[in-house]
There are 2 protein chains.
Amino acid sequence: MWSCEIYYCRMEAVLSIGTHVIPHPRKVETGGEDAFFVGGDGGGVFAIADGVSGWAEKNVNPALFSREVMANSSTFIKDEEASNDPQILLMKAHAATSSIGSATVIIAMLEKTGTLKIASVGDCGLKVIRKGQVMFSTYPQEHYFDCPYQISSEAIGQTYQDALVCTVNLMEGDMIVSGSDGFFDNIFDQEILAVISESPGIDEAAKALAELARKHSVDVRFDSPYSIEARSRGFDVPWWKKLLGAKLTGGKMDDITVIVAQVKTVAVPDDEGSGVEQEKGGEQVTVAATASAEQNE
Amino acid sequence: MWSCEIYYCRMEAVLSIGTHVIPHPRKVETGGEDAFFVGGDGGGVFAIADGVSGWAEKNVNPALFSREVMANSSTFIKDEEASNDPQILLMKAHAATSSIGSATVIIAMLEKTGTLKIASVGDCGLKVIRKGQVMFSTYPQEHYFDCPYQISSEAIGQTYQDALVCTVNLMEGDMIVSGSDGFFDNIFDQEILAVISESPGIDEAAKALAELARKHSVDVRFDSPYSIEARSRGFDVPWWKKLLGAKLTGGKMDDITVIVAQVKTVAVPDDEGSGVEQEKGGEQVTVAATASAEQNE
């Protein structure tokens, strides 16, 4: 409880965002085929596109499509309609893309009220962590194992109309962990929670998460989420290896993109209010002070 | 393509809902401690409350609280504010409940536009199935293993403010499977998908799902989602049993409530339109005919 002068203000939710990318071990020189963008007023928007690598067999660089979709997203986020609706942003960014290829895409936008809007085609993922537990997660969409829904330069692909479109109401302190399938295929929820709880900040968390997933991805003995899923779909080692006690294990080598975002609340001047008010221990003052301290970390 | 006369109309999403409840084997006479309600204009709302059984140790019937919360929900769904917002409905239903006890609760509402709004406190669950795959799922919230978030008659419990609040945009044909933890603790996603695909209708699906979960719940050899989760949290059989190759397995005996809902689209007269129009093969006509056929099943 203290006393101070404040202007009329309102509280807005914003995101602090950290990112980390580790390309596939054999794609380090080209930077891999994942792409992402972070933007929007106040950093409230992020997106990941994962170029489908099968295009390399047709002598198409799979990175061109995903990078162009992300570049277009960063352009159209200034469009009024698209800036409020991740599905519309996906539609416009896709329509404006002229590269050949296809990609899985996830786009997330935080409204100032704290509502996170998500549009996702394919198997990029997003989880929300509150008070040390996963309280929300997207699900991958796929045609069959290892063949995700994807937006494409070809008519046979999916569009914004096939997207998973959902929202989740967030609170100050909530952590968002989003990534390409190369991330979520190589790390378990419990590991994500542990890394998040041990990391001093979002940049460190993104880096540590990407590095742990990378370590697992090249470990042939690690029983990864990908291996467990593969076995549950009936994939396995040959029968003669099974007789020797072997089972399908190992990480999945892939490009790894991780975005870690934390929801913060900031006080902004309220145009509708006017003048200065003397207030004691009001909630507005308290929250504003907290937000300010966190921003100075 | 055909020609017919139609009135101006608009398409609205509605739910067809099937339910099935199987009480805990030792609570058959009293009907168990789960409660649910289905209602709202056009059947667009459903809710489940699972009374926390620990209250029996204090000589409190755990069913009273969950049943009263559901009864109050069915009253307040007529309230204008609550009828559009599951979190507000939860707040009002909880505030009006005078019984002693506590419960986990999930409330879901389908808007006419196809947006499903969800508020959940604890470990009741809801999954959406589209084209044979789970495309959305809630996550349980808990204080620690087997102690879920719960709204309560006591101040120590959770409130509507602690709810997971989310939405997901649905399409015609999407299936919703919702249940108490006694359902999801005893059945795997792949089993849910198989039962849904084999069932001729929502009533049969709800019954078959509840019966499969019940069968697993009393099977001490079934390696249930509950047992797998327990082991992953460090619970296990005593060391001397482990030496003999034993591991913690078995279903979890509990009340089992299942709600299965399917999204349908119906044509309703549009008050803003007027008169009759001659139209050839318009999408409105086609969809209306489909919806009508499905409702007559």
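Lettering follows sequence order; numbering is per chain, from 1. Worth knowing before you read on, the calculation uses all heavy atoms, side chains too, and leaves out hydrogens, waters and symmetry mates.
Interatomic distance, CZ of B:F136 versus OG of A:S120, reported as 12.5 Å (0.5 Å rounding). Here the OG1-CE distance, from A:T138 to B:M135, works out to 10.5 Å after rounding to the nearest 0.5 Å. Distance check, rounded to the nearest 0.5 Å: OG1 of B:T167 to CD1 of A:I118 gives 9.0 Å. Atom CD of A:Q161 sits about 12.5 Å away from atom CG of B:N169, to the nearest 0.5 Å. In this structure, the separation between CD on A:Q141 and NZ on B:K131 is 9.0 Å, given to the nearest 0.5 Å.
Within the 4.5 Å cutoff, side-chain heavy atoms of A:L164 are placed close to those of B:V168. Between B:Y139 and A:R130, the closest side-chain pair of non-hydrogen atoms is not below 4.5 Å.
The part of B:Y149 that comes within reach of chain A is its side chain, from C-beta onward, which places non-hydrogen atoms under 4.5 angstrom from that chain. Contacts of B:D189 with chain A are made by side-chain atoms alone, with heavy-atom separations under 4.5 Å and no backbone atom involved.
The two residues B:E142 and A:Q133 come nearest to each other via the heavy atoms O-NE2, 2.7 Å.
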